[in-house]
Peer 1: 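Sharing a structure here in structure tokens format.
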2 protein chains.
Amino acid sequence: MTTLKEIAKRANVSVMTVSRVVKNSGYVNAETRKLIEAVIKELDYRPNEIARSLHRSSTKNILLIVPDIENPFFAEMIKGTTTVLRQHGYQSIFADSDGEIGNEKEIAERALSRIVDGVILYCPRAESAYFDFLSARVPLLVVDRRITSHAVDHIYIDNKPSAEAAVDYLIANGHRDIGLIGGPQNVLANLRRKSGYLASLKAHGIPVNDQFMFFCGFEFEDGVSAFEYFSQMEHRPTAYFATNDLMALGFIQQAQEKGLAIPSDISVVGFDNIAMSRLISPALTTVDNPRHDMGALAAFRMLKKLDPTVEVPQFSLTNRMVIRGSVRNIT
Amino acid sequence: MTTLKEIAKRANVSVMTVSRVVKNSGYVNAETRKLIEAVIKELDYRPNEIARSLHRSSTKNILLIVPDIENPFFAEMIKGTTTVLRQHGYQSIFADSDGEIGNEKEIAERALSRIVDGVILYCPRAESAYFDFLSARVPLLVVDRRITSHAVDHIYIDNKPSAEAAVDYLIANGHRDIGLIGGPQNVLANLRRKSGYLASLKAHGIPVNDQFMFFCGFEFEDGVSAFEYFSQMEHRPTAYFATNDLMALGFIQQAQEKGLAIPSDISVVGFDNIAMSRLISPALTTVDNPRHDMGALAAFRMLKKLDPTVEVPQFSLTNRMVIRGSVRNIT
DNA sequence: CACCTCTATGTTAACGAAAACATCTATCTG
DNA sequence: CAGATAGATGTTTTCGTTAACATAGAGGTG
């Protein structure tokens with residue numbers, strides 16, 4: 001716990017001279033510098049960043065709040081963010097809210113104690129008025145959530161167009177009876193995917209069949225259930241759009257279990273492009289969202305908030321279809 | 001940026017009285033307190049944690065360094081740690097070293113500037129002498145790496161016994177020709193798994209066949225290569241032990257692609273119990289390691305370092321076999 | 001009533017660093 | 001050679017909070 005003072009005493013100079021050596025600023029005689037540097041080394045001195053932070057009233061820390069770090073979706077965004085922040089001399093304080101609004105707020109509130117220079121919220125659960133509250137008190141960025149308030153800076157990709165493109169792709173491959181494995185109906189991103197499905201059908205003059213839409217959870221098992229639901233029907237879809245890969249995977253596994261082949265019997269398109277979708281057989285055709293870039297952009301936008309001279313590079317944040325082997329052309 | 005001073009001025013009292021109200025300590029007249037509380041609310045005051053940290057010379061922050069947060073293995077450990085830390089009033093500063101020694105050291109070194117009260121290194125890459133250096137300067141805990149130095153506190157599960165148990169299980173199911181899909185030979189955990197394989201064979205008097213051991217990378221594709229390697233042999237193993245699930249998954253997928261059935265034609269055991277191993281068909285028999293608990297224990301051990309009165313709960317950190325459907329009894 | 005104790009509040013110093021300002025010498029310029 | 005200037009170093013104050021110490025009135029005890 002060496003301090004400037006101790007160095008100064010040992011070197012027989014004032015703290016200010018030592019400080020000048022440490023920060024390499026101002027005038028210091030070459031020999032004095034040498035002596036002080038030797039003492040610094042001898043006593044293994046390192047500046048106390050807390051004291052510095054207090055003085056400059058900035059900590060060079062950014063608080064990142066995610067609903068669940070075990071979800072690779074968030075892990076990848078976080079990685080994109082921390083990498084950029086670190087390159088710019090900022091550290092990431094990280095917190096996992098477990099998807100609970102209470103935790104989320106409690107954690108965010110800590111940021112108001114000036115332990116961080118800014119807060120980035122990933123896919124937060126709190127009500128939108130809360131973001132106005134926070135934003136008024138600390139540099140704030142909300143990622144992956146649509147925000148209506150003009151005052152709150154945010155990054156959001158609308159999933160509707162890419163979902164529509166995914167269904168367009170099925171239609172282009174000759175499918176007209178297309179099932180929707182629709183996931184939960186209380187998550188915005190998911191609803192936008194459903195909207196894309198509906199929009200595509202409409203654009204191609206295909207009437208919507210309510211029977212062809214199955215709503216469920218978000219998990220692998222929900223894909224299994226979806227298969228069971230559809231397999232009981234007489235007239236079944238030839239192709240399916242699952243609003244996330246995990247459900248698509250469950251659906252495909254169950255289909256194969258029951259002796260159906262993908263894509264010769266059934267075509268499937270997923271959404272998210274999780275790691276596993278590449279690895280199954282056949283590999284899943286899906287929609288990739290730029291998680292890493294979203295995280296990186298969030299970092300840059302935050303840096304610019306804190307220092308307007310920062311250059312924010314161009315990111316084209318668009319979802320992209322990844323065509324693999326789970327769709328068959330039936331024209 | 002309201003400070004105690006401003007509150008004091010507005011309420012016409014000294015800063016100390018305000019401080020007493022904020023910290024709820026010492027004597028304060030009920031009416032004075034009420035008045036001060038009103039002013040605090042009016043000015044939206046929050047104590048500056050940086051100033052507090054400086055004064056108490058402790059930040060209530062712990063630095064966590066992982067090689068790659070996108071790897072669910074680390075994400076789960078991190079979650080175990082942060083959850084416990086948060087419950088004890090500590091925040092997690094998080095950093096991703098990208099598996100590079102240089103980054104790892106650079107990040108760890110920051111901790112010496114007293115911005116954190118302790119450091120937890122997950123599966124670090126640095127040479128072991130470095131841990132002595134760090135440990136002498138900051139409360140340090142090393143997780144998932146064998147450390148010989150007596151001075152460095154660490155948490156480590158030897159993978160050999162559980163690997164041995166996994167192979168024992170294959171042998172108990174009547175297999176004697178057992179292939180090893182061995183992964184890279186420069187990673188300690190992986191070598192211990194290989195040692196377990198060898199130990200089990202030896203214990204059962206089964207001679208080791210060098211041809212039956214395939215060494216490769218760590219990925220899904222390496223499992224695919226492994227299948228290709230073994231399928232060229234005349235006399236093939238009836239069962240395989242893969243030193244991680246990802247390779248087992250690649251191996252199984254390729255086997256199924258080539259028309260072989262699991263487990264009727266080939267039995268496979270993996271290691272790690274990643275999420276996907278439950279989801280394939282047949283579900284993979286594998287070895288589960290308590291990632292979450294390791295993370296939680298790391299947190300408790302760190303807390304105890306910082307405050308010896310903390311109770312560290314009992315964790316039985318042992319790998320456990322998870323028997324599912326990828327092994328057939330051929331006796 | 002002298003003295004103690006409890007209640008209530010204020011003053012000073014400290015945490016470690018650094019910006020702002022001050023001092024002093026040596027050298028240079030007109 | 002007076003005065004400006006660059007070089008080298010020191011002193012004071014500030015960042016916001018709080019521990020330690022100081023003060024002072026009210027009420028109680030012997």
Side-chain angles (χ1 to χ4, degrees), chain A residues 1-40 43-61 89 110-117 137-138, chain B residues 1-40 43-61 89 110-117 137-138:
Chain A
M1 296 261 211
T2 319
T3 66
L4 276 188
K5 217 190 220 167
E6 296 170 51
I7 306 286
K9 202 171 171 185
R10 184 78 150 243
N12 240 343
V13 293
S14 75
V15 281
M16 213 35 221
T17 307
V18 182
S19 175
R20 284 184 186 109
V21 170
V22 172
K23 297 198 60 198
N24 207 17
S25 70
Y27 294 113
V28 181
N29 179 288
E31 291 198 8
T32 315
R33 156 166 279 129
K34 226 169 165 181
L35 166 69
I36 291 175
E37 275 167 353
V39 176
I40 285 177
L43 299 189
D44 194 29
Y45 167 80
R46 333 231 162 194
N48 183 324
E49 285 296 333
I50 295 299
R52 283 184 169 173
S53 292
L54 177 61
H55 194 267
R56 83 170 99 87
S57 49
S58 136
T59 58
K60 295 281 175 181
N61 286 160
R110 281 231 198 167
L112 305 181
S113 312
R114 264 140 294 168
I115 47 168
V116 293
D117 296 349
R137 289 166 173 74
V138 66
Chain B
M1 296 264 211
T2 319
T3 67
L4 277 189
K5 216 189 217 168
E6 296 169 50
I7 306 286
K9 201 170 172 185
R10 182 78 150 246
N12 239 344
V13 293
S14 75
V15 282
M16 214 34 223
T17 306
V18 182
S19 176
R20 286 186 183 105
V21 171
V22 172
K23 296 197 60 195
N24 207 16
S25 70
Y27 294 112
V28 181
N29 178 289
E31 291 197 6
T32 315
R33 155 165 280 127
K34 227 169 164 178
L35 166 67
I36 292 175
E37 275 166 354
V39 177
I40 285 177
L43 299 188
D44 193 32
Y45 167 79
R46 334 234 161 193
N48 182 325
E49 285 296 333
I50 294 299
R52 283 183 169 175
S53 291
L54 177 60
H55 193 268
R56 84 169 100 85
S57 48
S58 136
T59 58
K60 297 279 176 183
N61 286 161
R110 281 232 197 169
L112 304 181
S113 312
R114 264 140 295 169
I115 48 168
V116 294
D117 295 350
R137 288 166 174 74
V138 66

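Every chain is numbered from 1, with letters handed out A, B, ... down the list of sequences.
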Peer 1: If the condition is side chain to side chain donor-acceptor pair (under 3.5 Å), which residues does R46(B) pass it with, not counting sequence neighbours?
Peer 2: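 Applying side chain to side chain donor-acceptor pair (under 3.5 Å) to R46(B) gives D44(B).
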Peer 1: Residues of residues 43-53 of chain A with any non-hydrogen atom less than 4.0 angstrom from an atom of DNA chain C: list those, numerically ordered, please.
Peer 2: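 Heavy-atom cutoff 4.0 Å gives Y45(A), P47(A), N48(A), A51(A), R52(A).
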Peer 1: Given atom CG of L54(B) and atom P of dA18(C), what is their separation to the nearest angstrom?
Peer 2: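 So the CG-P distance, L54(B) to dA18(C), works out to 12 Å.
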Peer 1: With sequence neighbours excluded, what pairs up with S113(B) under the side-chain contact (heavy atoms from CB on, under 4.5 Å) test?
Peer 2: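 S113(B): side-chain contact (heavy atoms from CB on, under 4.5 Å) contacts with E49(A).
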Peer 1: Between A11(B) and L35(B), what is the shortest heavy-atom contact and its length?
Peer 2: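 Distance-wise, the nearest heavy atoms are O-CD2, 3.6 Å.
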Peer 1: Within the structure provided, determine whether L43(B) and I7(B) are in side-chain contact (heavy-atom separation under 4.5 Å).
Peer 2: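 Touching, per the 4.5 Å side-chain cut-off.
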Peer 1: About how many Å separate CZ of R114(B) and CG of N48(A), when rounded to the nearest 0.5 Å?
Peer 2: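 Reported to 0.5 Å precision, the distance equals 5.0 Å.
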Peer 1: Go through the structure and list residues passing side-chain contact (heavy atoms from CB on, under 4.5 Å) with V22(A), not counting sequence neighbours.
Peer 2: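 side-chain contact (heavy atoms from CB on, under 4.5 Å) check on V22(A) returns L4(A), V18(A), I40(A), Y45(A), P47(A), R52(A).
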Peer 1: Suppose we screen for side chain to side chain donor-acceptor pair (under 3.5 Å). Which residues come up paired with S58(B), at least two apart in sequence or across chains?
Peer 2: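 Expected list: D117(B).
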Peer 1: Mind listing the residues from residues 31-39 of chain A sitting with a heavy atom below 4.0 Å of DNA chain D? Number order is fine.
Peer 2: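 When residues 31-39 of chain A is checked for heavy atoms under 4.0 Å from DNA chain D, the hits, listed by number, are T32(A).
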Peer 1: Quick check for you: to the nearest 0.5 Å, what is the distance between L54(A) atom CG and H55(B) atom NE2?
Peer 2: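 The NE2 atom of H55(B) is 11.5 Å from CG of L54(A), to the nearest 0.5 Å.
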Peer 1: Atom CZ of R56(A) and atom P of dA20(C): how far apart are they, to the nearest Å?
Peer 2: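 The answer, rounded to whole Å, is 15 Å.
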Peer 1: Tell me, please, which residues at least two apart from S14(B) pass side-chain contact (heavy atoms from CB on, under 4.5 Å).
Peer 2: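 Testing S14(B) for side-chain contact (heavy atoms from CB on, under 4.5 Å), a comparison that skips the adjacent residues, returns M16(B), T17(B).
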Peer 1: Tell me which residues in residues 14-30 of chain A put a heavy atom below 4.0 Å from DNA chain C, sorted by number, or none.
Peer 2: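 Here the set is M16(A), S19(A), K23(A).
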Peer 1: Could you name each residue pair satisfying side chain to side chain donor-acceptor pair (under 3.5 Å) that touches residues 25-39 of chain A, not counting sequence neighbours?
Peer 2: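 Passing the test, one end in residues 25-39 of chain A: N24(A)-R33(A).
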Peer 1: Can you measure E6(B) atom CD to dG16(D) atom P for me and round it to whole angstrom units?
Peer 2: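 Rounded to whole Å, this separation is 8 Å.
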Peer 1: Mind checking what makes salt bridge (Lys or Arg N to Asp or Glu O under 4.0 Å) contact with R10(A), not counting sequence neighbours?
Peer 2: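 Only E42(A) meet the salt bridge (Lys or Arg N to Asp or Glu O under 4.0 Å) criterion with R10(A).
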Peer 1: Given side chains that start at C-beta, do those of I115(B) and N61(B) come closer than 4.5 Å, heavy atoms only?
Peer 2: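 With C-beta onward as the side chain, the pair stays apart.
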Peer 1: Tell me, please, which residues at least two apart from K9(A) pass side-chain contact (heavy atoms from CB on, under 4.5 Å).
Peer 2: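 For K9(A) there are no side-chain contact (heavy atoms from CB on, under 4.5 Å) partners, ignoring immediate neighbours.
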Peer 1: In this structure, how many angstroms lie between the P atom of dT18(D) and the CG atom of L4(B), rounded?
Peer 2: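 Atom CG in L4(B) sits about 6 Å away from atom P in dT18(D).
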Peer 1: Axis-to-axis angle across the helix from dC1(C)-dG30(D) to dG30(C)-dC1(D), five pairs an end, to 10 degrees?
Peer 2: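 What I find for the helix from dC1(C)-dG30(D) to dG30(C)-dC1(D) is an axis angle of 50°.
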